[in-house]
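Here is the structure we will look at.
Just so it is clear: chains get the letters A, B, ... in the order the sequence lines come, proteins before strands, and each one is counted from 1.
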There are 2 protein chains.
Amino acid sequence: MQFGERIKQLREEKELLQRQLAASLEIDTPMYSKIERGERKAKREQVITLAKLLNANEEELLTIWLSDKIIENIGDETFGLAALKLAEKELKKKSK
Amino acid sequence: MQFGERIKQLREEKELLQRQLAASLEIDTPMYSKIERGERKAKREQVITLAKLLNANEEELLTIWLSDKIIENIGDETFGLAALKLAEKELKKKSK
DNA sequence: TTAATTTAGCCAAAATTTGACAAGTCATAA
DNA sequence: TTATGACTTGTCAAATTTTGGCTAAATTAA
């Protein structure tokens, strides 16, 4: 599940309108619409605000959001998976 | 192994100077130095050029380079590993 | 149809990235 | 010591990318 898809799901569960969330995020509705469709990406702070507005788990949303950014970073490189695995290895090394 | 570290290794094996590679890449030596130390990141085209100059495997270098970008993207998020694993799952889904 | 919601496209402002330059350190040689 | 060559550091401006606002179009609901 991608980020936009997930917040749309949560928004619809709560029966909120895009323009309501947009107002709370202090952006306009078209911008919010783009975030929901993945055409633009939310900023970290916006994800946190959204988690509150949607009564969602902040870390869950941040994880999906970051995953989206990583996927976007990879683009359509054929070696994307190899790079991901290498990154995982390096990240583990780093955390030690 | 990170990208800068790897190209430094290759450069030293070939006994080339930073300024020689810098000239071939059409950037100045300080900039090349920063790339080697990971202070700046190379552009995709530069990685390809470097692979040629260093007689290295292009895909190997690109993979390390992309991995570095991913790691940088993650920053020090505590859920970085979770996001990586999710990204991997989504990437596999995407490629189908 | 009309009204409300959502999406599309375009343009400017803001932020980030890239690169050049000047000046610095460090090691070695004369 | 002084000089030279390799590399590094810091700062600034140019270029690119990202972000957001606006208008208008499309879709959906009543």
Query raised in the report: Starting at CG of A:Leu16 and ending at P of C:dT5, how long is that distance when rounded to a whole Å?
Result: 12 Å
Query raised in the report: Which of these passes side-chain hydrogen bond (donor to acceptor under 3.5 Å, both in side chains) with A:Gln9: A:Glu12, A:Arg6, A:Arg11?
Result: A:Arg6
Query raised in the report: Do the side chain of B:Arg40 and the base of C:dG19 come within less than 3.5 angstrom through a donor-acceptor pair of N or O atoms?
Result: yes
Query raised in the report: Roughly how many Å is it from CZ in A:Arg44 to C1' in D:dT18, rounded to a whole number?
Result: 19 Å
Query raised in the report: Are any side-chain N or O atoms of A:Asp68 and backbone N or O atoms of A:Gln2, one a donor and one an acceptor, separated by less than 3.5 Å?
Result: no
**Report entry** Below 4.0 Å: OP1/OP2 of C:dT18 and any side-chain N or O of B:Gln46
**Finding:** no
**Report entry** Upstream residue (5' side of DNA chain D) when A:Glu72 and B:Lys8 are each assigned their closest nucleotide
**Finding:** B:Lys8
**Report entry** Ion pair check, B:Glu45 and B:Lys43, cut-off under 4.0 Å
**Finding:** no
Query raised in the report: Counting just side-chain N and O atoms, does B:Ser33 come under 4.0 Å of either OP1 or OP2 of D:dT8?
Result: yes
Query raised in the report: Looking at C:dT6, C:dT5, D:dT23, which one has an atom nearest to any side-chain atom of A:Thr29?
Result: C:dT6
Query raised in the report: Between A:Lys8 and A:Glu13, does at least one N-O distance fall below 4.0 Å, as a salt bridge requires?
Result: no
Query raised in the report: Whole Å only: how far is the CG atom of B:Leu17 from the C1' atom of D:dC7?
Result: 10 Å
Query - Protein-nucleotide distance (A:Met31, atom CE; C:dC11, atom P), rounded to Å - result: 16 Å
Query raised in the report: Starting at NZ of A:Lys41 and ending at P of C:dT16, how long is that distance when rounded to a whole Å?
Result: 12 Å
Report task. Assess whether one donor atom and one acceptor atom, taken from the side chain of B:Lys34 and the base of C:dG19, lie less than 3.5 Å apart. Result -> no
Report task. Could you tell me whether A:Glu88 and A:Lys92 have a side-chain N and a carboxylate O separated by less than 4.0 Å? Result -> yes
Query raised in the report: Do the side-chain N or O atoms of A:Arg37 get closer than 4.0 angstrom to the phosphate oxygens (OP1, OP2) of C:dT7?
Result: yes
Query raised in the report: Between atom CD1 in A:Ile35 and atom P in D:dG21, what is the gap in whole Å?
Result: 10 Å
Query raised in the report: Whole Å only: how far is the CD atom of B:Glu39 from the C1' atom of C:dG19?
Result: 13 Å
Report summary line: Separation of D:dA15 atom C1' from B:Lys43 atom NZ, nearest Å, is 9 Å
